[in-house]
Amino acid sequence: MVELPRSHRLVPAQVMLRVSTYKGDNSGRFIDIHTHLDKGHIWLRSPNPDGSFEGALATAIADSSQHWTPDELLARMDFSLRCAYAHGTVARRTHLDSAGELAAQGFAVFQELRQRWSDRLTLQAASLVSLDHYQGAAGERLADLLLKQMACLGGDFPVT
């Protein structure tokens, strides 16, 4: 089993240091532990028709098939990180839709952003697929990708 390096754990020691000493303020900084960076900022072009979970899921699936390219994801995800950082966030954890080609594309963009923001934000990603996705070759490919990306399998399990 491979253990995640400290740099890829959600709240490594250096983040806690930043939290406690940010600009001389020891009141703490925000750590956002449940986000969906790949789904953010699509409301204007793809609103949820009825406000339900099912409506949100169907809308995100349709939007991803029509609009999500690496450049488009990069722009939306970076905007989200800039906004969070401007409001004092020091760490963010996100699910990334991981079915089919979305996994390779989303995690590649996420890795680029993790590198760009490494001096300001600690970022961690987790795959988002149903558990049955892991039964078979597609699940094995996803698990391999997550291991390379030092990401979490689902929301709860670091790939080790």
Side-chain angles (χ1 to χ4, degrees), residues 1-12 15 31-49 52-87 89-160:
M1 306 221 6
V2 177
E3 185 173 328
L4 290 175
R6 286 184 179 260
S7 64
H8 291 85
R9 294 180 187 160
L10 180 58
V11 186
V15 171
I31 298 174
D32 198 351
I33 62 170
H34 188 164
T35 66
H36 294 261
L37 291 176
D38 56 350
K39 291 179 179 157
H41 309 288
I42 65 170
W43 182 265
L44 291 177
R45 70 176 182 225
S46 298
N48 181 339
S52 69
F53 175 77
E54 292 78 14
L57 187 58
T59 298
I61 290 169
D63 191 82
S64 69
S65 67
Q66 293 175 5
H67 300 287
W68 295 13
T69 65
D71 288 340
E72 193 274 340
L73 279 172
L74 185 68
R76 284 189 296 106
M77 292 168 69
D78 187 64
F79 176 74
S80 180
L81 295 176
R82 285 184 283 131
C83 291
Y85 182 73
H87 290 279
T89 298
V90 295
R92 290 189 89 182
R93 185 171 190 260
T94 185
H95 283 106
L96 295 175
D97 281 9
S98 300
E101 296 303 314
L102 292 176
Q105 176 177 265
F107 279 96
V109 170
F110 180 82
Q111 184 63 24
E112 182 175 338
L113 287 169
R114 184 188 305 183
Q115 290 171 348
R116 280 189 195 181
W117 283 89
S118 64
D119 61 332
R120 295 162 284 171
L121 289 170
T122 297
L123 300 173
Q124 183 184 66
S127 64
L128 182 59
V129 291
S130 59
L131 286 177
D132 63 340
H133 182 81
Y134 293 103
Q135 297 175 343
E140 288 182 28
R141 285 190 301 275
L142 179 56
D144 289 343
L145 174 68
L146 299 175
L147 184 60
K148 281 188 220 173
Q149 296 287 332
M150 297 298 184
C152 292
L153 184 105
D156 305 314
F157 308 103
V159 181
T160 58

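Among the candidates Leu113, Thr35, Thr94, the single residue satisfying the side-chain contact (heavy atoms from CB on, under 4.5 Å) test with Met77 is Leu113.
Between Tyr134 and Leu146, the shortest heavy-atom contact is OH-CD1, 4.2 Å. Across Asn48 and Ala56, no two heavy atoms sit closer than the pair ND2-N, 3.2 Å. The shortest heavy-atom contact between Ala99 and Val129 is N-CG1, 3.4 Å.
No side-chain donor-acceptor contact under 3.5 Å links Asp71 and Thr69.
Under the 4.5 Å side-chain criterion, counting only non-hydrogen atoms from C-beta, Arg92 is in contact with Leu37. Using a 4.5 Å heavy-atom threshold, the side chains of Leu102 and Gln105 count as touching. Residues Thr59 and Pro47 form no side-chain contact, since every pair of their non-hydrogen atoms from C-beta on lies 4.5 Å or further apart. With contacts defined as side-chain heavy-atom distances shorter than 4.5 Å, the pair Trp68/Arg76 qualifies.
Counting heavy atoms of neighbouring residues, nucleotides and ligands inside a 6.0 Å radius, atom CD of Glu101 does not exceed 12 of them.
Asp78 has a carboxylate O that lies under 4.0 Å from a charged side-chain N of Arg82, or vice versa, which qualifies the two as a salt bridge.
Using the six-membered ring where Trp is involved, His95 and His36 have ring planes that are parallel, under 30° apart on the 30 and 60° scheme.
With Arg45 contributing its side chain and His41 its backbone, the two residues share no donor-acceptor pair below 3.5 Å.
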